[in-house]
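Following: one structure in structure tokens, then a few remarks.
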Amino acid sequence: RKAKSPPRFHHSTTAVMADSSSVNMDKVYCKPDAWGGMGAFARVPIVAGEVIEKGIVRVLPLDGNECPFVFTWSEGEPRQWASGSGASVFYNMAEDPNTDMK
């Protein structure tokens with residue numbers, strides 16, 4: 001994700017980073033959150049516009065309307081649904097998100 005203001009948790013699946021690995025989450029980590037689940041947290045300060053995590057997704061043969069743990073991974077119909085690597089599945093959703101996934 002690329003950070004919008006104010007920056008918090010971020011993920012990107014297409015950004016080019018300095019290393020050559022397909023997954024890099026050096027700037028974030030996962031740990032138990034205050035609600036009894038897991039959450040993604042910043043390991044280092046993050047500025048607006050910075051790519052924070054690089055990862056991959058796997059498109060899955062399921063209906064995301066029935067499974068809340070996947071991302072919409074298509075622009076049109078029929079919808080495709082995917083699960084991401086790294087911390088992507090642990091980012092929180094908000095009505096006014098401060099990040100986006102590409």
Checklist line | Interatomic spacing from OG in S83 to CZ in F69 - rounded to 0.5 Å | finding: 10.5 Å

Item checked: Cluster check W81, W73: I/L/V/M/F/W/Y, side chain < 4.5 angstrom -> no

Next item on the list: Could you tell me the separation between the CE atom of M25 and the OG atom of S88, rounded to the nearest 0.5 Å?
Entry: 9.0 Å

Next item on the list: To the nearest 0.5 Å, tell me how far S85 OG sits from I56 CD1.
Entry: 5.0 Å

Margin query: Under the salt bridge (charged side-chain N to carboxylate O under 4.0 Å, His left out) definition, can you give me all pairs with a residue in residues 76-87, not counting sequence neighbours?
Written below: E77-R79

Notebook entry, point to check: Is there a path of hydrophobic side-chain contacts, each under 4.5 Å between heavy atoms of I, L, V, M, F, W or Y residues, that connects V59 with L62?
Noted result: no

Solution key, residues 31-45 side-chain donor-acceptor pairs under 3.5 Å, sequence neighbours excluded:
from, atom 1, to, atom 2, distance (Å)
D33, OD1, W35, N, 3.0
D33, OD1, G36, N, 3.1
D33, OD1, G37, N, 2.9
R43, NE, D26, O, 3.0
R43, NH2, V28, O, 3.2

Next item on the list: Would you mind listing every side-chain hydrogen bond (donor to acceptor under 3.5 Å, both in side chains) that reaches into residues 60-72, with sequence neighbours excluded?
Entry: D63-N65

Next item on the list: Indicate, with yes or no, if I46 and Y91 share a hydrophobic cluster defined by side-chain heavy-atom contacts under 4.5 Å among Ile, Leu, Val, Met, Phe, Trp and Tyr.
Entry: yes

